[in-house]
**Q** 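Please see the structure below; I have some questions.
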Amino acid sequence: MESGMVSVDRWCAGSQVYFLTHLHADHIRGLTPKWTRGPLYCSRITAKLFPIKFPGFDLSLIRIVEIGHWHSVSLLSPSSVSSTILYFMAIDAHHCPGAVMYLFRGEFGCTLYTGDFRWESTSERAQTGRTMLLKAMQDVKLDMLYLDNTYCNPTYCFPSREVAARQVLSIITSHPNHDIVIAVDTLGKENLLLYISRVLKTKIWVWPERLQIMHLLGFHDIFTTKTSVTRIRAVPRYSFNIETLEGLNTMCPTIGIMPSGLPWAPKSFRGKEKLSSESPPLLLDNRWHTDIATSSTSSKPNGGSLSSGRYDHYIYTIPYSDHSCFSELQKFVEFLKPTNIKGIVSSSASNVDPLYHFGSLCRIQQASELLCQRLKSKRYEKVGVIGMKSPFGCTSTMQLGRKRRKRQNFSASIHVSRVRLLRRERQGVKIVDTDPD
DNA sequence: GCGATCAGAT
DNA sequence: CACATCTGATCGC
């Protein structure tokens with residue numbers, strides 16, 4: 001079976017069907033309102049939010065995938081007149097509203113594409129997903145796992161969102177006379193805001209576009225665009241910085257809360273330590289490893305010990321993440337026992353390569369060998385990783401395709417500058433039709 | 001000149 | 001390192 005027939009979060013020409021995991025910007029790059037390339041499968045919530053992101057989009061192209069149910073579509077093999085049936089199921093990814101993983105089954109085998117996801121073992125929703133996956137794969141092995149490797153390194157260690165939400169709440173209640181601004185994106189972290197609103201019995205300010213999204217999600221009477229009715233505001237992350245906070249503090253005492261799985265360290269501290277699984281550096285904010293909710297009074301902006309006053313004197317970084325931390329990824333891989341794994345997030349470093357950390361959990365014998373090959377061709381990795389967003393990659397014909405593609409990439413790279421190469425993959429240029437790694 | 005797309009910053 | 005997003009520059013028609 002040829003690949004290039006199915007794309008996930010990838011919007012180049014050449015596929016017969018396209019799957020969208022969720023509506024964050026880095027997953028819809030290349031998708032436009034003028035889309036005509038084929039049917040677009042997504043979750044019901046994503047479909048509901050779709051017109052906001054893509055006004056004028058031809059909605060007749062959208063196919064809703066109900067969570068937990070098998071769907072199927074007949075695909076035509078490009079090289080012959082034969083057709084084959086692709087079966088697929090969406091599973092809640094617990095990332096942002098509408099985010100799903102896709103499980104694919106067909107004559108090519110069984111593939112799971114997680115998209116961005118969080119796998120909190122304590123969460124009831126994750127248990128539901130676990131049950132769905134178990135049932136859907138009870139009679140087969142998982143040939144290929146495309147994994148959200150954003151935090152696929154042991155240094156990324158943070159608590160559940162429930163615990164992090166309590167930390168946020170604790171910081172807010174310990175500043176009863178401050179205005180609070182919380183950095184959020186256009187989608188995601190709603191549960192944190194709902195929790196704050198519920199416990200403190202207060203509305204939360206959001207910007208107008210965000211209010212529209214909240215209403216579409218069914219949250220009425222909780223959010224407002226009137227600044228006068230609340231001291232808590234959720235603001236776009238891009239407008240959240242030291243200067244903004246300093247400006248706000250000239251008018252009213254204000255603290256900022258940055259919910260993120262990343263250690264937002266001061267610039268002066270950043271870049272000096274390189275992430276490496278051999279000698280993982282301590283996170284600058286070691287409180288992440290414990291529950292600071294019980295000791296919030298000792299929490300100072302940016303971890304307290306970082307007293308280089310210029311940097312975010314007013315900002316608290318809280319490890320509230322919609323991506324899985326390392327230990328969750330590990331549990332996920334152990335649970336699925338895939339034959340092979342590939343990260344969906346490109347990286348020039350090996351620190352988040354799933355095979356590096358989880359190769360031994362895979363069924364493949366040659367995990368280290370595969371990794372070795374990959375490290376050798378590290379310069380070209382970005383192209384390979386980005387290019388591989390087709391769910392197919394588990395049959396022997398796919399492996400042939402992979403080898404061919406590697407050669408093509410290599411020879412191309414010789415003559416094209418790295419900048420140009422990176423640029424090409426960013427544009428989503430279809431590198432080859434065969435399975436990209 | 002304009003829309004699409006990119007690198008860079010946050 | 002880099003979450004997801006914006007801004008401003010540049011590309012290509």
Side-chain angles (χ1 to χ4, degrees), chain A residues 9 11-12 21-35 53-54 56 95-97 99 115-118 148-158 161 164 181-189 192 207 209-210 213 234-246 256-267 269-277 279-285 302 311-312 315 317-326 343-353 356 378 381-382 386 417-429:
Chain A
D9 291 349
W11 310 104
C12 318
T21 60
H22 65 291
L23 279 171
H24 277 158
D26 51 336
H27 293 256
I28 53 179
R29 193 162 292 140
L31 190 56
T32 73
K34 297 169 189 165
W35 178 260
K53 292 274 180 183
F54 302 102
H95 176 65
C96 68
D116 291 350
F117 82 115
R118 179 111 201 223
D148 172 14
N149 56 319
T150 305
Y151 295 127
C152 189
N153 184 288
T155 51
Y156 292 126
C157 171
F158 42 76
R161 283 172 289 196
V181 294
I182 305 171
V184 296
D185 293 316
T186 54
L187 201 56
K189 308 205 162 89
L192 171 63
W207 64 102
E209 294 80 359
R210 196 57 155 101
I213 290 172
V235 303
R237 194 167 57 180
Y238 57 84
S239 72
F240 182 98
N241 55 45
I242 306 154
E243 288 70 34
T244 309
L245 264 293
E246 282 171 352
I257 293 174
M258 166 64 79
S260 169
L262 276 174
W264 282 73
K267 273 180 183 164
F269 282 73
R270 276 192 264 164
K272 303 214 169 145
E273 300 166 280
K274 237 187 135 88
L275 272 179
S276 136
S277 56
S279 57
L282 288 175
L283 284 179
L284 291 165
D285 190 346
N302 199 39
Y311 190 82
D312 77 57
I315 296 179
T317 306
I318 297 297
Y320 187 102
S321 172
D322 284 330
H323 294 270
S324 300
C325 67
F326 182 78
I344 64 171
V345 180
S346 64
S347 169
S348 56
S350 62
N351 65 306
V352 293
D353 192 316
Y356 185 96
K378 191 52 78 183
E381 185 187 354
K382 280 200 113 173
I386 285 288
S417 77
R418 173 161 175 78
V419 172
R420 187 66 190 158
L421 247 188
L422 292 177
R423 179 162 188 163
R424 275 169 47 177
E425 64 85 357
R426 285 276 189 137
Q427 286 169 335
V429 165

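Basis for what follows: all heavy atoms, side chains included, without hydrogens, waters or symmetry-related copies. Since the structure is predicted, the reported quantities are computational estimates derived from the model, not experimental observations.
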**Q** Going by distance alone, is a donor N or O of one side chain under 3.5 Å from an acceptor N or O of the other, for His95(A) and Asp148(A)?
**A** no
**Q** Taking only residues two or more places apart in sequence or in another chain, which ones pass side chain to side chain donor-acceptor pair (under 3.5 Å) with Asp322(A)?
**A** Arg161(A)
**Q** Output the rounded distance in Å from OH (Tyr151(A)) to C1' (dA2(C)).
**A** 8 Å
**Q** First locate atom SG of Cys152(A), then atom CZ of Phe326(A), and finally report the distance between them rounded to the nearest 0.5 Å.
**A** 5.5 Å
**Q** In whole Å, I'd like the distance from the CZ atom of Phe117(A) to the P atom of dA4(C).
**A** 14 Å
**Q** Roughly how many Å is it from OH in Tyr156(A) to C1' in dA2(C), rounded to a whole number?
**A** 6 Å
**Q** Please name the residue in the list Ile182(A), Val235(A), Val184(A) that meets the side chain to side chain contact (heavy atoms under 4.5 Å, CB included) test with Phe240(A).
**A** Val235(A)
**Q** Relative to the ring of Trp11(A), is the ring of Trp35(A) parallel (under 30°), tilted (30 to 60°) or perpendicular (over 60°)?
**A** perpendicular
**Q** Does His95(A) reach a base, just sugar-phosphate, or nothing at all? Heavy atoms under 4.0 Å.
**A** sugar-phosphate
**Q** So what does Lys34(A) touch, heavy atoms closer than 4.0 Å: a base, only the sugar-phosphate, or nothing?
**A** sugar-phosphate
**Q** Distance check needed: dA4(C) C1' versus Phe240(A) CZ, whole Å only.
**A** 15 Å
**Q** Please determine whether side chain to side chain contact (heavy atoms under 4.5 Å, CB included) holds for the pair Thr186(A) and Glu209(A), giving the CA-CA distance in whole Å, both sets of side-chain angles, and the decisive distance to 0.1 Å.
**A** CA-CA 8 Å; Thr186(A) 54; Glu209(A) 294 80 359; over 6 Å; no
**Q** Between C1' on dA2(C) and CG on Asp116(A), what's the gap in Å once rounded to a whole number?
**A** 13 Å
**Q** Rounded to whole Å, please give me the gap between CD in Glu243(A) and C1' in dA9(B).
**A** 12 Å
**Q** What nitrogen or oxygen pairs link the protein and nucleotides 5-7 of chain C at under 3.5 Å?
**A**
{"unit_1": "dT5(C)", "atom_1": "OP1", "unit_2": "Thr186(A)", "atom_2": "OG1", "d": "2.6"}
{"unit_1": "dT5(C)", "atom_1": "OP2", "unit_2": "Ala25(A)", "atom_2": "N", "d": "2.3"}

**Q** Describe the nucleic acid contact of Asp322(A) in one word from base, sugar-phosphate, nothing, applying a heavy-atom distance below 4.0 Å.
**A** nothing
**Q** Taking CH2 from Trp207(A) and C1' from dA4(C), how many angstroms apart are they, rounded to a whole number?
**A** 11 Å
